[in-house]
Amino acid sequence: MRFATIGTSQITDRFLTAAKTCGDFRLEAVYSRSAGRAEKFAERHQAARWHDSLEKLAEDPGIDAVYVASPNFMHARQAILLMEHGKHVLCEKALASNQREAEEMFRCAEENGVLLLEAMRSIHDPGYETVRSQLHKIGTVRQARFSFCKYSSKYDGFKAGKQQNIFDPACSAGALMDIGIYCVEVMVGLFGEPESLSTAAVRLRGGIDGAGVLLASYPEMIVEAAYSKIAAEHLPSVIQGEAGSLYMDSIASPGRIWIRYLDGEEEVLFSRPGENNMAYETETFIRAAEKGEKLREYRRISEISLKITDEARKQAGIRFPADGDSL
């Protein structure tokens, strides 16, 4: 499949490193608003050509699919233009600024007969499927805590007064939409949509969130999602059942998953060395696009997750320009 990429940041570098291990992937072109950056990025990754016009990228007949890794607020506009020109789209998380934009994007995909998939690497990782298939071993689930707290490399600059996209409401960014979304999507994938939600956030300059906690209530259980870009934590995520607890050492890229039963016995379910797990989402995307599959379960997870983040931001008083009157 002939790919193009949007974005020249580290995340696109990591994606290409992983994607090139997929046999059916071929990088054909790259895009950046800066011609200089586009040309250098194309040369570094041996792309055949580059674009600094989004319209020309969309019209390029030599492209089948595009990986979109621009700031969140650009996702909907860029993806819709590409899909209107018949391109499949693999779009970085968060898929959109809000649920309304996501619904518009999926509607466009349906109307144009193309595939739209959110590049949420944790949901496509084999560790996630291990959790899904082995969860019954811990009995009735009563509580879970999913955590992703990582000190941002951009935070020191932000504290010094610099403008940073990841801490800018205009970019539909912040802790929840950048890394808290991992916790939310794993929660939705495993347990579905909660009955109710409450949240609290640490707000920074400009009204963006630097950290937060989300509490989701289900009929027989509760789930806590803790996330931060202004502090670090190295504790595993845990799902507590009546027969034991299941642990994941990382919510985004699990290297070890294990159960500790009530009697103290431990069972390792999954173990691997560290790897760039973005290859799994790419393989899922290529296979589905080639076969014409709709991947409705992943669409459901994306839409419900954005419904949850909309409500969480509403409770915390965090609004994006992209929200308009939708919140």
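Keep in mind that this is a model prediction, so the values were computed, not measured. Both backbone and side-chain heavy atoms feed into the values below; hydrogens, waters and symmetry mates do not.
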Tyr280 and Glu275: CA distance, side-chain angles, deciding distance, side-chain contact (heavy atoms from CB on, under 4.5 Å) verdict:
CA-CA 11 Å; Tyr280 299 111; Glu275 69 168 331; 2.9 Å; yes
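- With hydrophobic clusters built from ILVMFWY side chains whose heavy atoms lie under 4.5 angstrom apart, Ile251 does not share a cluster with Ile222.
- A distance-only check finds a donor-acceptor pair linking the side chain of Thr21 to the backbone of Ala18 [under 3.5 Å].
- Aromatic ring centroids of Tyr67 and Phe3 lie 6.0 Å or more apart.
- A 6.0 Å sphere centred on CD of Glu129 holds more than 12 heavy atoms belonging to other residues, nucleotides or ligands.
- Side-chain contact between Tyr128 and Leu190 is present, with heavy atoms from C-beta onward closer than 4.5 Å.
- By the 4.0 Å N-to-carboxylate-O rule, Lys307 lies too far from Glu311 to be salt-bridged with it.
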Residue pair Leu27, Thr5: steps toward the side-chain contact (heavy atoms from CB on, under 4.5 Å) verdict
CA-CA 8 Å; Leu27 179 64; Thr5 60; 4.0 Å; yes
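- Partners of Glu265 according to the side chain to side chain donor-acceptor pair (under 3.5 Å) rule, which considers only residues two or more places apart in sequence or in another chain, do not exist here.
- Between the CD1 atom in Ile80 and the CZ atom in Arg107 there is a gap of 8.5 Å [rounded to 0.5 Å].
- Under the side chain to side chain donor-acceptor pair (under 3.5 Å) criterion, Glu220 pairs with no residue, sequence neighbours left out.
- Between Val131 and Leu246 the shortest side-chain heavy-atom distance falls below 4.5 Å.
- For Phe285 and His124, the ring centers sit 6.0 Å or farther from each other.
- The pair Arg300-Glu297 counts as a salt bridge, with a side-chain nitrogen and a carboxylate oxygen less than 4.0 angstrom apart.
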Take Glu110 and Arg296 through the test salt bridge (charged side-chain N to carboxylate O under 4.0 Å, His left out) and record every step on the way to the result.
CA-CA 11 Å; Glu110 291 280 355; Arg296 297 193 185 280; 3.2 Å; yes
Trace of the side-chain contact (heavy atoms from CB on, under 4.5 Å) decision for Leu16 with Phe41:
CA-CA 11 Å; Leu16 288 172; Phe41 197 78; 3.7 Å; yes
Would you give me the side-chain donor-acceptor pairs under 3.5 Å for residues 153-173, sequence neighbours excluded?
unit_1: Asp156; atom_1: OD1; unit_2: Tyr151; atom_2: OH; d: 2.6
unit_1: Lys159; atom_1: NZ; unit_2: Tyr151; atom_2: OH; d: 3.4
unit_1: Gln163; atom_1: NE2; unit_2: Asp168; atom_2: OD2; d: 2.8
unit_1: Asp168; atom_1: OD1; unit_2: Ala170; atom_2: N; d: 2.9
unit_1: Ser172; atom_1: OG; unit_2: Ser97; atom_2: OG; d: 2.7

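- With respect to the salt-bridge test (charged N to carboxylate O, under 4.0 angstrom), the residues Lys137 and Glu267 qualify.
- Without hydrogens or angle criteria, Asn112 side chain to Val114 main chain gives no donor-acceptor distance under 3.5 Å.
- Under the 4.5 Å side-chain contact rule for hydrophobic residues, Val141 and Leu215 do not share a cluster.
- Hydrophobic cluster membership is shared by Leu81 and Met105, with clusters built from Ile, Leu, Val, Met, Phe, Trp and Tyr side chains linked at under 4.5 angstrom.
- Neither Val213 nor Tyr218 shares a network with the other; the hydrophobic side chains, linked directly or stepwise wherever heavy atoms of I, L, V, M, F, W or Y lie under 4.5 Å apart, form separate groups for each.
- A salt bridge does not link Lys93 to Glu281: none of the charged nitrogens lies less than 4.0 Å from a carboxylate oxygen.
- Residues Arg287 and Glu283 are not paired through a salt bridge, judged by the lack of any N-O separation under 4.0 Å between the basic side chain and the carboxylate.
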Which is it for Leu269 and Ile259 under the side-chain contact (heavy atoms from CB on, under 4.5 Å) test, yes or no, and what are the steps along the way?
CA-CA 7 Å; Leu269 305 176; Ile259 293 175; 3.8 Å; yes
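- Every residue two or more places apart in sequence or in another chain that forms a side chain to side chain donor-acceptor pair (under 3.5 Å) with His51 is listed here: Asp60.
- No side-chain heavy atom of Lys314 sits less than 4.5 Å from a side-chain heavy atom of Asp310.
- Legend: residues meeting side chain to side chain donor-acceptor pair (under 3.5 Å) with Glu28, ordered by chain and number and at least two apart, are Arg26, Arg49.
- Salt-bridge annotation for Arg44 and Asp13: present, with a side-chain N of the basic residue lying under 4.0 Å from a carboxylate O of the acidic one.
- Here Ile239 contributes atom CD1 and Phe146 contributes atom CZ; the two are 4.0 Å apart, rounded to the nearest 0.5 Å.
- The environment of CD in Glu266 is crowded: more than 12 heavy-atom neighbours from other residues, nucleotides or ligands sit within 6.0 Å.
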Distance-only criterion, 3.5 Å: show the donor-acceptor pairs between side-chain atoms of residues 317-324 and protein atoms not counting sequence neighbours.
unit_1: Arg319; atom_1: NH1; unit_2: Leu327; atom_2: O; d: 2.8
unit_1: Arg319; atom_1: NH2; unit_2: Gly324; atom_2: O; d: 2.5
unit_1: Asp323; atom_1: OD1; unit_2: Asn98; atom_2: ND2; d: 3.0
unit_1: Asp323; atom_1: OD1; unit_2: Arg313; atom_2: NH2; d: 3.0
unit_1: Asp323; atom_1: OD2; unit_2: Arg313; atom_2: NH1; d: 2.8
unit_1: Asp323; atom_1: OD2; unit_2: Arg313; atom_2: NH2; d: 3.4
unit_1: Asp323; atom_1: OD2; unit_2: Phe320; atom_2: N; d: 2.7

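- With a 4.5 Å cut-off on side-chain heavy atoms, Leu214 and Ile308 count as touching.
- Between the side chains of Arg121 and Tyr182, a donor-acceptor pair is found at a separation under 3.5 Å.
- Taken together through direct or relayed side-chain contacts under 4.5 Å among Ile, Leu, Val, Met, Phe, Trp and Tyr, Met221 and Tyr247 form parts of separate hydrophobic clusters.
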